[in-house]
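See below for the structure under consideration.
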Amino acid sequence: PPINKMSSSRRTSINADPTDEIQNRGLLQAHEAAPLVPLLLPARPIYRYTVLFVACLFSIGTYFTSVAIGVVQTQVQQAFGITDELFELQYTLSSIPNIFVPFFGGFMLDKLGLLYGTVVACSVVFAGGLVMALSPYTHNFYTLILGRILFAMGSEVSYVAQNTICCLWFKDKGMALAMGLTVSAGRLGSFLAFSVTGWVAELFHDYRAAIWLGAIMAALSMVAAVCYFFLHKYALSVGHKFDPDSDPNAMNRISIKDVLTFPASFWLIVVLSMTFYNTIWPYEATGVAYLEKRYSLDQKLAGLLMSVIPFISLIFSPPFGLVVDRIGYRAILASVALFFLVISFACLLTTSIPLLYVSIGLMGIVSTAVPVAVWPAIPMIIPSENLGTAFGSISVANSIAATIVYYCKGRLVDGIVYLLGVSVFSFVTSIIWNILDARQGGLVNKRKKS
(Lines give C-alpha, C1' and ligand atoms only; values in the text may rest on other atoms or scores of the structure.)
Protein backbone atom coordinates (compact mmCIF):
# COMPACT_ATOMS: atom_id res chain seq x y z
CA PRO A 1 0.00 0.00 0.00
CA PRO A 2 1.24 3.54 -0.71
CA ILE A 3 2.85 5.38 2.18
CA ASN A 4 2.08 9.07 2.72
CA LYS A 5 4.66 11.66 3.76
CA MET A 6 5.74 11.31 7.39
CA SER A 7 4.85 14.12 9.73
CA SER A 8 7.36 15.90 11.93
CA SER A 9 6.18 13.76 14.83
CA ARG A 10 7.42 10.73 12.88
CA ARG A 11 3.92 9.34 12.42
CA THR A 12 3.41 7.47 9.19
CA SER A 13 0.04 7.37 7.51
CA ILE A 14 -0.65 4.04 5.80
CA ASN A 15 -3.75 2.97 3.94
CA ALA A 16 -5.58 0.97 6.56
CA ASP A 17 -6.66 -2.24 4.89
CA PRO A 18 -7.43 -4.94 7.51
CA THR A 19 -6.34 -7.67 5.12
CA ASP A 20 -2.86 -6.12 4.92
CA GLU A 21 -2.42 -5.46 8.63
CA ILE A 22 0.72 -7.56 9.02
CA GLN A 23 2.39 -6.13 5.93
CA ASN A 24 1.48 -2.58 6.98
CA ARG A 25 2.98 -3.12 10.42
CA GLY A 26 6.28 -4.25 8.86
CA LEU A 27 6.40 -1.25 6.55
CA LEU A 28 5.53 1.07 9.43
CA GLN A 29 8.40 -0.28 11.51
CA ALA A 30 10.81 0.14 8.58
CA HIS A 31 9.77 3.75 8.03
CA GLU A 32 9.82 4.51 11.74
CA ALA A 33 13.50 3.55 11.55
CA ALA A 34 14.04 6.03 8.72
CA PRO A 35 15.93 9.24 9.53
CA LEU A 36 14.27 12.57 10.18
CA VAL A 37 16.36 14.19 7.42
CA PRO A 38 14.20 13.99 4.26
CA LEU A 39 17.25 14.07 1.98
CA LEU A 40 18.28 10.67 3.34
CA LEU A 41 15.06 9.00 2.22
CA PRO A 42 15.87 6.69 -0.73
CA ALA A 43 12.63 7.63 -2.51
CA ARG A 44 13.83 11.22 -2.82
CA PRO A 45 15.36 12.27 -6.17
CA ILE A 46 18.49 13.58 -4.45
CA TYR A 47 19.18 10.13 -2.99
CA ARG A 48 18.63 8.43 -6.37
CA TYR A 49 20.99 10.86 -8.06
CA THR A 50 23.57 10.34 -5.34
CA VAL A 51 23.40 6.64 -6.16
CA LEU A 52 23.77 7.51 -9.85
CA PHE A 53 26.78 9.74 -9.12
CA VAL A 54 28.51 6.90 -7.31
CA ALA A 55 27.69 4.49 -10.15
CA CYS A 56 29.12 7.01 -12.63
CA LEU A 57 32.45 6.83 -10.82
CA PHE A 58 32.72 3.22 -12.06
CA SER A 59 32.93 4.55 -15.61
CA ILE A 60 35.24 7.46 -14.85
CA GLY A 61 37.84 5.12 -13.37
CA THR A 62 37.60 2.36 -15.96
CA TYR A 63 37.53 4.64 -19.01
CA PHE A 64 40.49 6.66 -17.75
CA THR A 65 42.56 3.54 -17.15
CA SER A 66 41.60 2.06 -20.50
CA VAL A 67 42.60 5.17 -22.46
CA ALA A 68 45.70 6.20 -20.49
CA ILE A 69 48.04 3.56 -21.86
CA GLY A 70 47.04 4.36 -25.43
CA VAL A 71 48.10 7.98 -24.98
CA VAL A 72 51.67 6.89 -24.22
CA GLN A 73 51.61 4.16 -26.86
CA THR A 74 54.78 5.42 -28.55
CA GLN A 75 56.81 5.29 -25.33
CA VAL A 76 55.37 1.88 -24.40
CA GLN A 77 56.36 0.46 -27.78
CA GLN A 78 59.85 1.86 -27.43
CA ALA A 79 60.26 0.56 -23.87
CA PHE A 80 59.10 -2.96 -24.71
CA GLY A 81 60.53 -2.99 -28.23
CA ILE A 82 57.23 -3.90 -29.90
CA THR A 83 55.42 -2.98 -33.12
CA ASP A 84 52.00 -1.39 -33.62
CA GLU A 85 50.58 -4.82 -34.37
CA LEU A 86 51.90 -6.31 -31.14
CA PHE A 87 50.72 -3.30 -29.12
CA GLU A 88 47.17 -3.85 -30.40
CA LEU A 89 47.48 -7.50 -29.42
CA GLN A 90 46.62 -6.50 -25.83
CA TYR A 91 43.18 -5.31 -27.01
CA THR A 92 42.60 -8.44 -29.06
CA LEU A 93 43.57 -10.84 -26.26
CA SER A 94 41.60 -8.94 -23.61
CA SER A 95 38.50 -9.14 -25.82
CA ILE A 96 38.60 -12.94 -26.07
CA PRO A 97 37.92 -13.69 -22.35
CA ASN A 98 35.14 -11.09 -22.40
CA ILE A 99 33.22 -13.33 -24.79
CA PHE A 100 32.62 -15.57 -21.75
CA VAL A 101 32.82 -13.03 -18.92
CA PRO A 102 29.19 -11.83 -19.18
CA PHE A 103 28.02 -15.40 -18.53
CA PHE A 104 30.44 -15.82 -15.63
CA GLY A 105 29.72 -12.28 -14.44
CA GLY A 106 25.97 -12.86 -14.57
CA PHE A 107 26.44 -16.07 -12.56
CA MET A 108 28.68 -14.24 -10.09
CA LEU A 109 26.25 -11.34 -9.64
CA ASP A 110 23.42 -13.84 -9.30
CA LYS A 111 25.21 -15.86 -6.61
CA LEU A 112 26.89 -13.00 -4.75
CA GLY A 113 24.11 -10.49 -5.36
CA LEU A 114 24.39 -7.10 -7.06
CA LEU A 115 26.14 -5.47 -4.10
CA TYR A 116 28.92 -7.98 -3.41
CA GLY A 117 29.30 -8.79 -7.11
CA THR A 118 29.86 -5.12 -7.97
CA VAL A 119 32.54 -4.78 -5.31
CA VAL A 120 34.32 -7.91 -6.57
CA ALA A 121 34.15 -6.73 -10.20
CA CYS A 122 35.59 -3.30 -9.42
CA SER A 123 38.29 -4.89 -7.27
CA VAL A 124 39.34 -6.93 -10.31
CA VAL A 125 39.43 -3.66 -12.28
CA PHE A 126 41.89 -2.24 -9.75
CA ALA A 127 43.95 -5.44 -9.73
CA GLY A 128 44.27 -5.25 -13.51
CA GLY A 129 45.26 -1.59 -13.40
CA LEU A 130 47.88 -2.37 -10.77
CA VAL A 131 49.40 -5.21 -12.82
CA MET A 132 49.58 -2.91 -15.87
CA ALA A 133 51.35 -0.26 -13.79
CA LEU A 134 53.90 -2.82 -12.56
CA SER A 135 54.51 -4.37 -15.99
CA PRO A 136 57.24 -1.91 -17.14
CA TYR A 137 59.38 -3.00 -14.20
CA THR A 138 59.22 -6.62 -15.37
CA HIS A 139 60.34 -5.67 -18.91
CA ASN A 140 57.85 -8.26 -20.12
CA PHE A 141 55.07 -7.10 -22.45
CA TYR A 142 52.97 -10.15 -21.62
CA THR A 143 52.69 -8.92 -18.03
CA LEU A 144 51.01 -5.84 -19.45
CA ILE A 145 48.68 -8.08 -21.45
CA LEU A 146 47.81 -10.04 -18.29
CA GLY A 147 46.91 -6.81 -16.50
CA ARG A 148 44.87 -5.70 -19.48
CA ILE A 149 42.91 -8.96 -19.47
CA LEU A 150 42.14 -8.70 -15.75
CA PHE A 151 41.14 -5.08 -16.15
CA ALA A 152 38.86 -5.79 -19.12
CA MET A 153 37.15 -8.70 -17.37
CA GLY A 154 36.36 -6.62 -14.29
CA SER A 155 35.24 -3.67 -16.39
CA GLU A 156 32.80 -5.77 -18.38
CA VAL A 157 31.02 -6.98 -15.24
CA SER A 158 31.03 -3.48 -13.71
CA TYR A 159 29.24 -2.12 -16.80
CA VAL A 160 26.55 -4.79 -16.45
CA ALA A 161 26.19 -3.80 -12.79
CA GLN A 162 26.00 -0.13 -13.72
CA ASN A 163 23.21 -0.78 -16.24
CA THR A 164 21.37 -2.77 -13.59
CA ILE A 165 21.66 0.09 -11.10
CA CYS A 166 20.13 2.49 -13.64
CA CYS A 167 17.25 0.09 -14.26
CA LEU A 168 16.67 -0.42 -10.53
CA TRP A 169 16.65 3.24 -9.54
CA PHE A 170 15.44 5.04 -12.67
CA LYS A 171 12.94 2.82 -14.44
CA ASP A 172 10.10 5.13 -15.61
CA LYS A 173 11.90 8.00 -13.85
CA GLY A 174 14.15 9.40 -16.57
CA MET A 175 16.23 6.35 -17.47
CA ALA A 176 17.54 7.92 -20.70
CA LEU A 177 18.87 10.85 -18.66
CA ALA A 178 20.42 8.44 -16.14
CA MET A 179 22.12 6.44 -18.88
CA GLY A 180 23.14 9.69 -20.54
CA LEU A 181 24.90 10.68 -17.34
CA THR A 182 26.70 7.33 -17.17
CA VAL A 183 27.85 7.91 -20.75
CA SER A 184 29.04 11.39 -19.74
CA ALA A 185 30.91 9.89 -16.81
CA GLY A 186 32.75 7.47 -19.06
CA ARG A 187 33.53 10.26 -21.50
CA LEU A 188 34.81 12.38 -18.60
CA GLY A 189 37.23 9.58 -17.79
CA SER A 190 38.40 9.45 -21.42
CA PHE A 191 38.64 13.24 -21.63
CA LEU A 192 40.79 13.42 -18.52
CA ALA A 193 43.01 10.62 -19.78
CA PHE A 194 43.58 12.25 -23.17
CA SER A 195 44.11 15.67 -21.60
CA VAL A 196 46.23 14.82 -18.59
CA THR A 197 48.17 11.63 -19.28
CA GLY A 198 50.63 13.11 -21.79
CA TRP A 199 51.35 16.04 -19.48
CA VAL A 200 51.91 13.73 -16.51
CA ALA A 201 54.37 11.64 -18.49
CA GLU A 202 56.25 14.79 -19.48
CA LEU A 203 56.12 16.26 -15.97
CA PHE A 204 57.77 13.20 -14.43
CA HIS A 205 59.89 12.51 -17.51
CA ASP A 206 58.61 8.95 -17.35
CA TYR A 207 55.74 7.32 -19.24
CA ARG A 208 55.25 4.94 -16.30
CA ALA A 209 53.81 7.80 -14.24
CA ALA A 210 50.91 7.95 -16.70
CA ILE A 211 50.19 4.24 -16.27
CA TRP A 212 50.34 4.59 -12.49
CA LEU A 213 47.79 7.38 -12.71
CA GLY A 214 45.58 4.91 -14.56
CA ALA A 215 45.95 2.44 -11.68
CA ILE A 216 44.93 5.15 -9.20
CA MET A 217 41.82 5.89 -11.25
CA ALA A 218 41.02 2.16 -11.30
CA ALA A 219 41.11 2.29 -7.51
CA LEU A 220 38.43 5.00 -7.74
CA SER A 221 36.08 2.45 -9.31
CA MET A 222 36.66 0.06 -6.43
CA VAL A 223 36.02 2.77 -3.81
CA ALA A 224 32.82 3.78 -5.66
CA ALA A 225 31.59 0.18 -5.60
CA VAL A 226 32.04 0.07 -1.83
CA CYS A 227 30.12 3.35 -1.50
CA TYR A 228 27.26 1.96 -3.58
CA PHE A 229 27.22 -1.13 -1.39
CA PHE A 230 26.45 0.98 1.69
CA LEU A 231 23.98 3.27 -0.12
CA HIS A 232 21.96 0.29 -1.33
CA LYS A 233 22.16 -1.48 2.04
CA TYR A 234 20.92 1.66 3.76
CA ALA A 235 17.99 1.94 1.35
CA LEU A 236 16.95 -1.61 2.16
CA SER A 237 17.36 -1.03 5.90
CA VAL A 238 14.81 1.80 5.88
CA GLY A 239 12.28 -0.21 3.90
CA HIS A 240 12.80 1.19 0.41
CA LYS A 241 10.91 -0.90 -2.14
CA PHE A 242 12.26 -1.20 -5.67
CA ASP A 243 10.09 -1.85 -8.71
CA PRO A 244 8.83 -5.43 -8.21
CA ASP A 245 9.54 -6.09 -11.88
CA SER A 246 13.16 -4.99 -11.45
CA ASP A 247 14.67 -7.82 -9.42
CA PRO A 248 18.44 -7.16 -9.46
CA ASN A 249 19.29 -10.86 -9.44
CA ALA A 250 16.96 -11.50 -12.37
CA MET A 251 18.45 -8.62 -14.30
CA ASN A 252 21.93 -10.05 -13.89
CA ARG A 253 20.95 -13.59 -14.77
CA ILE A 254 22.14 -14.90 -18.14
CA SER A 255 19.87 -17.46 -19.78
CA ILE A 256 20.57 -19.11 -23.13
CA LYS A 257 16.95 -20.24 -23.23
CA ASP A 258 15.69 -16.67 -22.92
CA VAL A 259 17.92 -15.52 -25.79
CA LEU A 260 15.87 -17.60 -28.22
CA THR A 261 12.73 -15.63 -27.32
CA PHE A 262 14.13 -12.15 -28.02
CA PRO A 263 12.55 -10.22 -30.91
CA ALA A 264 14.34 -9.35 -34.14
CA SER A 265 14.52 -5.67 -33.16
CA PHE A 266 16.75 -6.60 -30.22
CA TRP A 267 19.17 -8.49 -32.48
CA LEU A 268 19.41 -5.47 -34.75
CA ILE A 269 20.43 -3.46 -31.67
CA VAL A 270 23.07 -6.11 -30.97
CA VAL A 271 24.51 -5.80 -34.48
CA LEU A 272 24.34 -2.01 -34.29
CA SER A 273 26.18 -2.05 -30.95
CA MET A 274 28.84 -4.44 -32.27
CA THR A 275 29.59 -2.26 -35.27
CA PHE A 276 29.27 1.14 -33.61
CA TYR A 277 31.40 0.51 -30.52
CA ASN A 278 34.00 -1.35 -32.52
CA THR A 279 34.65 1.67 -34.67
CA ILE A 280 34.79 4.20 -31.81
CA TRP A 281 36.79 2.07 -29.36
CA PRO A 282 39.63 1.02 -31.68
CA TYR A 283 40.03 4.56 -32.97
CA GLU A 284 40.19 6.05 -29.48
CA ALA A 285 42.53 3.31 -28.24
CA THR A 286 45.20 4.10 -30.85
CA GLY A 287 44.07 7.55 -32.03
CA VAL A 288 46.91 9.55 -30.45
CA ALA A 289 49.59 7.46 -32.17
CA TYR A 290 47.60 7.63 -35.42
CA LEU A 291 47.44 11.44 -35.34
CA GLU A 292 51.14 11.63 -34.51
CA LYS A 293 52.03 9.60 -37.59
CA ARG A 294 49.34 10.68 -40.06
CA TYR A 295 49.34 14.41 -39.34
CA SER A 296 52.85 14.82 -37.84
CA LEU A 297 51.49 16.14 -34.53
CA ASP A 298 53.30 15.98 -31.20
CA GLN A 299 51.89 13.76 -28.48
CA LYS A 300 50.39 16.53 -26.33
CA LEU A 301 48.56 18.15 -29.26
CA ALA A 302 47.35 14.77 -30.53
CA GLY A 303 46.07 13.92 -27.07
CA LEU A 304 44.37 17.31 -26.76
CA LEU A 305 42.58 16.83 -30.10
CA MET A 306 41.47 13.32 -29.14
CA SER A 307 40.13 14.68 -25.84
CA VAL A 308 37.61 16.78 -27.78
CA ILE A 309 35.64 13.61 -28.64
CA PRO A 310 34.87 12.61 -25.04
CA PHE A 311 34.53 16.28 -24.03
CA ILE A 312 31.64 16.80 -26.47
CA SER A 313 30.01 13.62 -25.19
CA LEU A 314 30.62 14.68 -21.59
CA ILE A 315 28.82 18.00 -22.08
CA PHE A 316 25.95 16.96 -24.31
CA SER A 317 24.98 13.46 -23.12
CA PRO A 318 22.74 14.60 -20.21
CA PRO A 319 20.76 17.21 -22.22
CA PHE A 320 20.50 14.80 -25.11
CA GLY A 321 19.16 12.20 -22.67
CA LEU A 322 16.49 14.68 -21.59
CA VAL A 323 15.56 15.30 -25.22
CA VAL A 324 15.29 11.57 -25.94
CA ASP A 325 13.13 11.08 -22.83
CA ARG A 326 10.71 13.69 -24.15
CA ILE A 327 10.62 13.24 -27.91
CA GLY A 328 11.42 9.53 -28.38
CA TYR A 329 12.41 8.73 -32.00
CA ARG A 330 15.33 6.68 -30.68
CA ALA A 331 16.02 4.59 -33.78
CA ILE A 332 15.73 7.62 -36.07
CA LEU A 333 18.19 9.62 -33.98
CA ALA A 334 20.59 6.66 -33.99
CA SER A 335 20.46 6.49 -37.80
CA VAL A 336 21.17 10.21 -38.20
CA ALA A 337 24.12 9.95 -35.80
CA LEU A 338 25.57 6.89 -37.57
CA PHE A 339 25.38 8.69 -40.92
CA PHE A 340 27.63 11.36 -39.42
CA LEU A 341 29.96 8.61 -38.19
CA VAL A 342 30.47 7.50 -41.79
CA ILE A 343 31.31 11.07 -42.80
CA SER A 344 33.69 11.35 -39.84
CA PHE A 345 35.80 8.36 -40.91
CA ALA A 346 35.70 9.48 -44.53
CA CYS A 347 37.30 12.78 -43.47
CA LEU A 348 40.19 10.84 -41.90
CA LEU A 349 41.15 9.39 -45.28
CA THR A 350 42.74 12.75 -46.12
CA THR A 351 45.64 14.57 -44.48
CA SER A 352 43.68 17.83 -44.27
CA ILE A 353 43.84 19.43 -40.82
CA PRO A 354 40.47 21.23 -41.23
CA LEU A 355 38.81 17.92 -42.16
CA LEU A 356 40.48 16.35 -39.11
CA TYR A 357 38.73 18.94 -36.95
CA VAL A 358 35.41 18.17 -38.68
CA SER A 359 35.97 14.44 -38.10
CA ILE A 360 36.72 14.90 -34.40
CA GLY A 361 33.68 17.13 -33.89
CA LEU A 362 31.33 14.72 -35.65
CA MET A 363 32.72 11.75 -33.74
CA GLY A 364 32.06 13.55 -30.46
CA ILE A 365 28.44 14.15 -31.47
CA VAL A 366 27.98 10.54 -32.59
CA SER A 367 29.49 9.08 -29.42
CA THR A 368 26.95 11.19 -27.53
CA ALA A 369 23.84 10.44 -29.54
CA VAL A 370 24.04 6.72 -30.24
CA PRO A 371 24.36 5.31 -26.67
CA VAL A 372 21.75 7.67 -25.24
CA ALA A 373 19.31 6.81 -28.05
CA VAL A 374 19.92 3.06 -28.21
CA TRP A 375 20.45 1.80 -24.65
CA PRO A 376 17.13 3.05 -23.18
CA ALA A 377 15.35 1.28 -26.04
CA ILE A 378 16.39 -2.13 -24.69
CA PRO A 379 14.09 -2.11 -21.61
CA MET A 380 11.28 -1.04 -23.95
CA ILE A 381 11.43 -4.29 -25.90
CA ILE A 382 12.88 -6.72 -23.33
CA PRO A 383 11.11 -7.67 -20.05
CA SER A 384 12.87 -6.64 -16.83
CA GLU A 385 13.55 -10.24 -15.81
CA ASN A 386 15.48 -10.77 -19.06
CA LEU A 387 17.58 -7.59 -18.99
CA GLY A 388 20.62 -9.44 -17.62
CA THR A 389 20.51 -11.82 -20.56
CA ALA A 390 19.96 -8.92 -22.97
CA PHE A 391 22.88 -6.83 -21.68
CA GLY A 392 25.02 -9.95 -21.40
CA SER A 393 24.28 -10.90 -25.01
CA ILE A 394 25.34 -7.45 -26.17
CA SER A 395 28.55 -7.67 -24.14
CA VAL A 396 29.37 -11.05 -25.68
CA ALA A 397 28.66 -9.73 -29.18
CA ASN A 398 30.78 -6.63 -28.61
CA SER A 399 33.69 -8.73 -27.37
CA ILE A 400 33.51 -11.03 -30.40
CA ALA A 401 33.44 -8.01 -32.69
CA ALA A 402 36.30 -6.34 -30.81
CA THR A 403 38.47 -9.43 -31.18
CA ILE A 404 37.89 -9.44 -34.95
CA VAL A 405 38.22 -5.67 -35.43
CA TYR A 406 41.44 -5.26 -33.45
CA TYR A 407 42.96 -8.29 -35.15
CA CYS A 408 42.11 -7.06 -38.65
CA LYS A 409 42.86 -3.40 -38.02
CA GLY A 410 46.35 -4.17 -36.74
CA ARG A 411 47.18 -6.06 -39.92
CA LEU A 412 45.87 -3.61 -42.50
CA VAL A 413 47.97 -0.91 -44.15
CA ASP A 414 45.30 1.67 -43.33
CA GLY A 415 43.00 0.65 -40.49
CA ILE A 416 40.82 3.75 -41.05
CA VAL A 417 39.51 2.28 -44.31
CA TYR A 418 38.46 -0.82 -42.41
CA LEU A 419 36.73 1.24 -39.70
CA LEU A 420 34.96 3.26 -42.40
CA GLY A 421 33.55 0.04 -43.83
CA VAL A 422 32.35 -1.08 -40.39
CA SER A 423 30.66 2.31 -39.81
CA VAL A 424 28.79 1.98 -43.11
CA PHE A 425 27.53 -1.44 -42.02
CA SER A 426 26.39 0.06 -38.71
CA PHE A 427 24.44 2.80 -40.52
CA VAL A 428 22.72 0.27 -42.79
CA THR A 429 21.76 -1.80 -39.74
CA SER A 430 20.12 1.24 -38.13
CA ILE A 431 18.03 1.81 -41.28
CA ILE A 432 16.77 -1.77 -41.14
CA TRP A 433 15.98 -1.28 -37.43
CA ASN A 434 13.83 1.75 -38.28
CA ILE A 435 11.95 -0.15 -40.98
CA LEU A 436 11.26 -3.07 -38.66
CA ASP A 437 10.15 -0.77 -35.84
CA ALA A 438 7.73 1.02 -38.18
CA ARG A 439 6.18 -2.31 -39.17
CA GLN A 440 5.79 -3.23 -35.49
CA GLY A 441 3.90 -0.05 -34.61
CA GLY A 442 6.81 2.28 -33.86
CA LEU A 443 7.42 1.17 -30.27
CA VAL A 444 10.98 2.49 -30.16
CA ASN A 445 10.35 5.63 -32.19
CA LYS A 446 7.09 6.68 -30.59
CA ARG A 447 7.04 9.85 -28.56
CA LYS A 448 6.87 8.98 -24.91
CA LYS A 449 8.08 10.72 -21.78
CA SER A 450 9.89 8.37 -19.40
Side-chain angles (χ1 to χ4, degrees), residues 54-80 82 87-91 93-95 97-98 101 118-159 161-162 185-229 281 284-286 288-289 299-300 303 306-307 310:
V54 171
C56 284
L57 294 179
F58 300 171
S59 296
I60 294 176
T62 56
Y63 273 70
F64 186 102
T65 307
S66 179
V67 169
I69 195 167
V71 176
V72 291
Q73 175 180 343
T74 302
Q75 293 96 314
V76 171
Q77 289 183 210
Q78 292 172 351
F80 287 100
I82 57 176
F87 180 84
E88 293 194 17
L89 180 65
Q90 62 172 309
Y91 301 109
L93 294 180
S94 64
S95 297
N98 280 345
V101 162
T118 301
V119 172
V120 170
C122 290
S123 297
V124 174
V125 166
F126 171 62
L130 185 61
V131 172
M132 284 194 288
L134 293 172
S135 64
Y137 303 97
T138 68
H139 305 290
N140 187 334
F141 181 65
Y142 291 99
T143 306
L144 176 62
I145 291 178
L146 173 62
R148 186 78 193 191
I149 291 173
L150 284 173
F151 169 80
M153 291 172 65
S155 298
E156 200 69 35
V157 179
S158 74
Y159 298 148
Q162 187 183 63
R187 305 316 283 167
L188 174 60
S190 298
F191 169 73
L192 292 174
F194 281 124
S195 304
V196 174
T197 305
W199 295 92
V200 170
E202 182 177 304
L203 177 65
F204 289 92
H205 304 288
D206 191 343
Y207 77 96
R208 292 175 295 187
I211 305 178
W212 272 108
L213 183 58
I216 293 171
M217 292 300 289
L220 175 65
S221 295
M222 182 176 65
V223 172
V226 174
C227 291
Y228 176 73
F229 178 93
W281 288 342
E284 288 193 347
T286 58
V288 173
Q299 186 179 79
K300 288 186 295 183
M306 287 298 297
S307 72

- Query: Going from CZ on Phe80 to OG1 on Thr143, what distance comes out if it is rounded to the nearest 0.5 angstrom?
  - Reply: 7.5 Å
- Determine whether Tyr207 and Pro136 make a side-chain contact, defined as any pair of heavy atoms from C-beta on separated by less than 4.5 Å. yes
- Query: For the residue pair Phe58 and Cys122, what are the closest heavy atoms and their distance?
  - Reply: CD2-SG, 4.2 Å
- Spacing of OG belonging to Ser135 relative to CZ belonging to Phe141, to within rounding of 0.5 Å: 8.5 Å
- Message: Rounded to the nearest 0.5 Å, what separates atom CE in Met132 from atom CG in Leu146?
- Response: 10.5 Å
- Item | Closest approach of Tyr91 to Ile69 (non-hydrogen atoms, all atoms of both residues) | OH-CG2, 4.1 Å
- Message: I need the Asp206 CG to Ile211 CD1 distance, nearest 0.5 Å.
- Response: 8.5 Å
- Message: Which heavy atom of Gly128 sits nearest to which heavy atom of Leu150, and what is that distance?
- Response: CA-CB, 3.7 Å
- Hey, are the side chains of Leu144 and Val76 touching, using non-hydrogen atoms and a 4.5 Å cut-off? yes
- Check salt bridge (charged side-chain N to carboxylate O under 4.0 Å, His left out) between Arg148 and all other residues, then give those that pass, not counting sequence neighbours. none
- Item | side-chain hydrogen bond (donor to acceptor under 3.5 Å, both in side chains) involving Asn140 - partner list, sequence neighbours excluded | none
- Message: Any non-hydrogen side-chain atom of Leu220 less than 4.5 Å from a side-chain atom of Ile60?
- Response: yes
- Item | Separation of Glu284 CD from Arg187 CZ (nearest 0.5 Å) | 4.0 Å
- Distance-minimising heavy-atom pair for Gln162 and Ala55: NE2-O, 2.8 Å
- Task: Specify the closest pair of heavy atoms between Ala224 and Leu57, including all atoms of both residues, with the distance to one decimal.
- Result: CB-CB, 3.5 Å
- If we only count heavy atoms from C-beta on, is the Thr62 to Phe151 side-chain gap below 4.5 Å? yes
- State, yes or no, whether a side-chain contact exists between Leu134 and Trp212 at a heavy-atom distance under 4.5 Å. yes
- Item | Side chain Ser94, main chain Ile149, donor-acceptor under 3.5 Å | no
Could you pull out all donor-acceptor pairs under 3.5 Å where a side-chain atom in residues 189-197 meets a protein atom, sequence neighbours excluded?
{"from": "Ser190", "atom 1": "OG", "to": "Gly186", "atom 2": "O", "distance (Å)": "3.4"}
{"from": "Ser195", "atom 1": "OG", "to": "Phe191", "atom 2": "O", "distance (Å)": "2.7"}
{"from": "Thr197", "atom 1": "OG1", "to": "Ala193", "atom 2": "O", "distance (Å)": "2.5"}

- Polar side chain donor-acceptor pair, Gln299 to Glu202, under 3.5 angstrom: no
- Note on the structure: Separation between CE (Met222) and OG (Ser158), nearest 0.5 Å, reads 13.0 Å
- Message: Contact between Trp281 and Ser66 at the side-chain level, heavy atoms closer than 4.5 Å - yes or no?
- Response: no
- For Gly129 and Ala215, the nearest pair of non-hydrogen atoms, with its separation, is O-CB, 3.5 Å
